[in-house]
Structure formats: structure tokens, C-alpha cells
Amino acid sequence: MKIKTAIIYLVLFLSTIAVFGQQRIISGTVTDASDGQTIPGVAIMIKGTSTGTTSDLKGNYSLKINENTKLLVFSLIGMKTLEVPVKAADVIN
């Protein structure tokens with residue numbers, strides 16, 4: 001009986017890890033809306049967390065997010081901060 005109970009708890013524990021551990025990668029290119037030029041050094045953060053990245057010299061970024069992430073915040077000194085909703089797309093430019 002103890003073995004059956006232990007196996008049930010193990011299966012439940014492993015299935016919980018699989019549910020909460022789902023992540024995906026969002027990537028894209030940050031560009032200026034007025035002239036289309038790429039923008040390096042932009043901070044891209046998951047809203048409400050300290051998790052984020054910055055765009056590289058060509059304006060590209062990549063960020064691992066959880067499935068429950070709702071907003072990304074794009075910011076750079078001297079430019080307007082932009083909050084972008086995360087939907088089903090894996091590329092957000």
C-alpha cells in the first residue's frame with residue numbers, strides 16, 4: 001500500500017513540474033517607428049519582474065518567458081517606454 005501511495009505522489013509531483021515549467025522564447029528586432037533604423041541597447045523586461053535582456057548592436061533580442069507572461073516593457077533613456085502584450089506569436093518586433 002505504501003508503494004502505491006508513493007508512486008501516486010511521484011506522478012502528481014512530476015506532472016506539476018511539467019505544467020509550471022513550460023517556457024518559450026520570444027525574439028525580435030527593435031526599430032525606430034519613424035525611420036525603421038534598428039536600436040541597440042534597448043532594455044526588454046517582463047513586466048513586474050527583474051527578468052529581461054537588452055537588444056544587441058543590430059537591435060535583435062531573445063528572451064525566455066513563462067506561459068503566463070502578459071506584457072513586455074521596452075525602454076531606453078530618451079525614448080518613450082512601450083508596453084507590448086505577449087500573445088501567441090514567438091516574434092515581437
- Message: If I compare all heavy atoms of T51 with all of T49, which pair ends up nearest, and what's the gap?
- Response: N-OG1, 3.1 Å
- Message: Do F74 and V30 have side chains that approach each other closer than 4.5 Å (heavy atoms only, starting at C-beta)?
- Response: yes
- Looking at CD1 of I65 and NZ of K70, how far apart are the two atoms once the value is rounded to the nearest 0.5 Å? 10.0 Å
- Gap between atom CD of Q37 and atom CG of D32 - 0.5 Å precision: 8.0 Å
- I39 versus M79: any side-chain heavy-atom pair under 4.5 Å? yes
Would you mind writing out the side-chain donor-acceptor pairs for residues 82-93 within the sub-3.5 Å range, not counting sequence neighbours?
unit_1	atom_1	unit_2	atom_2	d
E83	OE1	K47	NZ	3.1
E83	OE2	K47	NZ	2.9
D90	OD1	R24	NH1	2.9
N93	OD1	T29	N	2.7

- Would you kindly confirm whether L63 and M45 end up in one hydrophobic cluster when ILVMFWY residues are joined by side chain heavy atoms under 4.5 Å apart? no
- May I ask you to test the V42-T54 pair for a side-chain heavy-atom distance under 4.5 Å? no
- Item | Side-chain donor or acceptor of S55 paired with backbone N/O of G41 under 3.5 Å | yes
- Query: Are side-chain N/O atoms of Q23 and N66 paired as donor and acceptor at under 3.5 Å?
  - Reply: yes
- ILVMFWY cluster, L76 and L72 together (side-chain gap under 4.5 Å): yes
